[in-house]
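For clarity, every value in this text was computed on a predicted model and none was experimentally measured. Both counts, for ligands and for their atoms, begin at 1 and track the order of listing. Just so it is clear, the values below take in all heavy atoms, side chains as well, and ignore hydrogens, waters and symmetry mates. One-based numbering along the sequence shown.
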Amino acid sequence: MADLPDVPSAQPITLRGDYTQAASDYSVAQDWESYSAADHDVWRTLYARQIQLLENYAAPEFIAGARALNASSEHIPRVDDTNRVLDKLTGWQIVVVPGLIPETHFFAHLSARRFPVTRWIRNPDELDYLAEPDIFHDFFGHVPLLTNPVFARFMQAYGEAGPKAIAAGALHMLARLYWYMVEFGLIRTAQGLRVYGSGILSSKSETVYSLRDPKPHRIAFELERVMLTDYLIDDFQQTYFVIGSFDELFHAGYDTDFAPIYEKFADVPGIEPDCVLPTDRLIRS
Ligand code: HBI
Ligand code: FE
């Protein structure tokens, strides 16, 4: 059995996945036949809620990706089917895992163009909040943009950056980039501000909140600013960072040598999640 990963959470949570059958890279069989009717019901409910929000809230690239995947609204997708689509579009693959996996393994999968997707789905009484990612978050939230060549290449670069960040003792700075740009990112489009972050788009209430609520700050993306900003894991974000295009994100993640950033800010404390600096460019939603 593979070792249990450390949980990247302030509150101790018990990982609910079954790690006993995991291979050394933490992969497991999806074993689609063994999902229950109740599991498929949860998928159908969540899918119906979120898919109808996309048109008015999601980035066009995300909508196009969700369409291309052609996932069923009726039942949990079969990963083998999705992998055939992904392979043709960007060469990515989904690898099914029991749940959170250790960072080094997570990075290794991403750098090999494999996205880890949790096998299990939440219970019917957890539609709105979950401490760990499940297959709905991982699949519905993350996989659509893996059909986009620019975003997919950014994700690979993120995986490649992992071991260097760990060696430099700067994993927390790299993890902030993932948090704010992959999980909670907003983007400017011709239709106004839109969401592309998977943590937002797999949540009904945060999708609306992130674009419409006057409370959170929406700040133009700036790499060092993001890599220095602490985040909240168990509440809506107080700050969202906004990219102008996926090319901008790609440029920051792919063409930038992070080593000087890690060095420069090694002993600098994180910026509070609700802080607005005089240098920030605020974006109106
Ligand atoms: N494992 N399955 C899974 N999914 C994640 O998003 C994930 C993980 N392990 C580590 C991790 N994320 C983060 O700590 C890294 O991005 C830093
Ligand atoms: Fe996620």
Chemist: Identify which one of Phe258, Trp179, Tyr178 satisfies the ring-ring contact (aromatic ring centres under 6.0 Å, His included) criterion when paired with Tyr158.
Modeler: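 With Tyr158 as partner, Phe258, Trp179, Tyr178 yield a single ring-ring contact (aromatic ring centres under 6.0 Å, His included), made by Tyr178.
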Chemist: Can you tell me which N/O/S atom of Glu183 has the shortest distance to the Fe ion (ligand 2)?
Modeler: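 The Glu183 atom nearest to the Fe ion (ligand 2), restricting to N, O or S, is OE2.
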Chemist: Taking 4.0 angstrom as the limit, do Asp280 and Arg225 come out as a salt bridge?
Modeler: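 Result for this pair is yes, salt bridge flagged.
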Chemist: Can you name the atoms of ligand 1, numbered from 1 with element, that are less than 4.0 Å from a heavy atom of Tyr158?
Modeler: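 That gives atoms 15 (C), 16 (O), 17 (C) of ligand 1.
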Chemist: Which salt bridge (charged side-chain N to carboxylate O under 4.0 Å, His left out) pairs, counting each pair once, include a residue from residues 246-270, with sequence neighbours left out?
Modeler: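 Residue pairs passing salt bridge (charged side-chain N to carboxylate O under 4.0 Å, His left out), neighbours aside: Glu224-Lys264.
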Chemist: Considering only NZ, NE, NH1 and NH2 on the basic side and carboxylate oxygens on the acidic side, decide whether Arg44 and Asp41 come within less than 4.0 Å.
Modeler: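 Answer for the salt bridge query: yes.
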Chemist: Report yes or no: does a heavy atom of Gly99 sit under 4.0 Å from some atom of ligand 1?
Modeler: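 Distance cut 4.0 Å: Gly99 passes for ligand 1.
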Chemist: For the atoms NE2 of His137 and NE2 of His142, give the angle they form at the Fe ion (ligand 2), rounded to 10 degrees.
Modeler: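 Once rounded, the angle between the two atoms at the Fe ion (ligand 2) is 90°.
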Chemist: Between Pro133 and ligand 1, is there a nitrogen or oxygen pair with a distance under 3.5 Å?
Modeler: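 So ligand 1 has no N or O lying under 3.5 Å from an N or O of Pro133.
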Chemist: Does Arg119 qualify as a cation-pi partner of Tyr35, given the criterion of NZ or CZ under 6.0 Å from the six-membered ring centre and within 45 degrees of its axis?
Modeler: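 Yes, a cation-pi geometry holds between Arg119 and Tyr35.
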Chemist: Applying side chain to side chain donor-acceptor pair (under 3.5 Å), can you list everything that pairs with Asn148, at least two apart in sequence or on another chain?
Modeler: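 Listed in chain order: nothing, the list is empty.
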Chemist: Could you tell me whether the Fe ion (ligand 2) has an N, O or S atom of Asp138 under 2.8 Å away?
Modeler: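 False for Asp138.
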Chemist: Select one of side chain, backbone, both or neither to describe which atoms of Trp179 lie under 4.0 Å from any atom of ligand 1, heavy atoms only.
Modeler: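 Near ligand 1, Trp179 shows nothing, with every heavy atom at 4.0 Å or more.
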